[in-house]
Every structure is written in structure tokens, then in C-alpha cells.
Engineer: 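Mind looking over this structure? Questions follow.
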Amino acid sequence: QVQLVESGGGLVQPGGSLRLSCAASGNIFDIYTMGWYRQAPGKQREFVASITRSGTTSYAMSVKGRFTISRDSAKNTVYLQMNSLKPEDTAVYFCRLYSTDSWGQGTQVTVSS
């Protein structure tokens, strides 16, 4: 069983930055691709970014150039650096471990003045 715990969410003004973290623990033999998703009120959960074991990254068009995903394999942790935040980035952000289809509980990000 794998546990994923997100942290780093909060309230930030438009144009500001936040850094999310997702720590994985439990029955992990190895961690391959991990990703970030988000779900805004009344909307479906959507892909934000992913990173493979080798460091290959992928981004949704809506965040490309503003968000950066990275990982620290020694710590089984993945990060999402979010810059130039917009009100439309407001959502609950979830991390996902693809190999076991495990999800964290989510962390709220609110972008508002």
C-alpha cells in the first residue's frame, strides 16, 4: 500500500508563487512516473504535469511556462513550483503515482486578491 501526502497549498495573490510537495511512503519498490492533477469546483479533475523516473516532463498547455515539476528520488518526493499564478489556477491539487494509480488527499490552492 502506498501513501501520498501533499503539502504547500494556500492563499496567494495573482502573480504570486507557491511550491507544492508530494511525499510517497509505504510499500514502494520503485517509483516511476508521478504527476499532478487539479480539480476546480464544479469541474472535472484535469492533468497538470507529470515526470518520469528519468526526469522527462510533460505539462498541460494552460500551465506550460509557469509551472515546473521536479522530483527528489532519494526522498520519494515530487514538487510542483507554480509561478505567475492566476485566479483560474484555483483548485484542489492532487498528486498521483501512476504505477499503482495511487492518489493523495489533495491540497487547496486559492489565487485571489
Engineer: Main chain of Gly15, side chain of Ser84: is a donor-acceptor contact present, judged purely on distance under 3.5 Å?
Structural biologist: no
Engineer: What distance separates Ile69 CD1 from Cys95 SG, expressed to the nearest 0.5 Å?
Structural biologist: 9.5 Å
Engineer: Taking ring pair (Phe, Tyr, Trp, His ring centres under 6.0 Å) as the cut-off, I'd like each qualifying pair that reaches into residues 72-113, sequence neighbours left out, listed once.
Structural biologist: Tyr37-Trp103
Engineer: Could you state the interatomic distance from NZ (Lys64) to OG1 (Thr57), rounded to the nearest 0.5 Å?
Structural biologist: 8.0 Å
Engineer: Test: salt bridge (charged side-chain N to carboxylate O under 4.0 Å, His left out). Region: residues 99-112. Which pairs qualify, not counting sequence neighbours?
Structural biologist: Arg96-Asp101
Engineer: Is it true that Leu85 and Phe47 fall in one hydrophobic cluster, defined by side-chain heavy atoms closer than 4.5 Å?
Structural biologist: no
Engineer: Test: side-chain hydrogen bond (donor to acceptor under 3.5 Å, both in side chains). Region: residues 7-18. Which pairs qualify, not counting sequence neighbours?
Structural biologist: Ser17-Asn83
Engineer: Identify, with sequence neighbours excluded, every residue that meets side-chain hydrogen bond (donor to acceptor under 3.5 Å, both in side chains) alongside Ser50.
Structural biologist: none
Engineer: For Arg66 and Ser62, which heavy atoms make the closest approach, and how far apart are they?
Structural biologist: NH2-O, 2.9 Å
Engineer: Is it true that Val92 and Leu80 fall in one hydrophobic cluster, defined by side-chain heavy atoms closer than 4.5 Å?
Structural biologist: no
Engineer: When hydrophobic residues are tied together by side-chain contacts of less than 4.5 Å, even through go-betweens, does Val12 share a cluster with Val48?
Structural biologist: yes
Engineer: Sort out for me which residue in Asp89, Val109, Thr107, Val111 forms a side chain to side chain contact (heavy atoms under 4.5 Å, CB included) with Leu18.
Structural biologist: Val109
Engineer: Would you say that more than 12 heavy atoms from the other residues, nucleotides or ligands in this model lie under 6.0 Å from the CD of Glu88, or not?
Structural biologist: yes
Engineer: Let's go through Arg53 and Met34 carefully: what are the C-alpha distance in whole Å and the side-chain angles of both, what is the deciding distance for side-chain contact (heavy atoms from CB on, under 4.5 Å) to 0.1 Å, and is it a yes or a no?
Structural biologist: CA-CA 8 Å; Arg53 183 185 181 188; Met34 294 187 73; over 6 Å; no
Engineer: For Thr56 and Ile51: C-alpha separation, side-chain torsions, deciding distance, then whether side-chain contact (heavy atoms from CB on, under 4.5 Å) applies.
Structural biologist: CA-CA 5 Å; Thr56 300; Ile51 185 167; over 6 Å; no
Engineer: So do the side chains of Gln105 and Glu6 get within less than 4.5 Å of each other, counting heavy atoms only?
Structural biologist: yes
Engineer: Taking only residues two or more places apart in sequence or in another chain, which ones pass side-chain hydrogen bond (donor to acceptor under 3.5 Å, both in side chains) with Thr52?
Structural biologist: Ser54
Engineer: Rounded at 0.5 Å granularity, tell me how far CD in Glu46 sits from CD in Gln39.
Structural biologist: 9.5 Å
Engineer: For residues 102-113, pull every pair meeting salt bridge (charged side-chain N to carboxylate O under 4.0 Å, His left out), keeping only residues two or more places apart or in separate chains.
Structural biologist: none
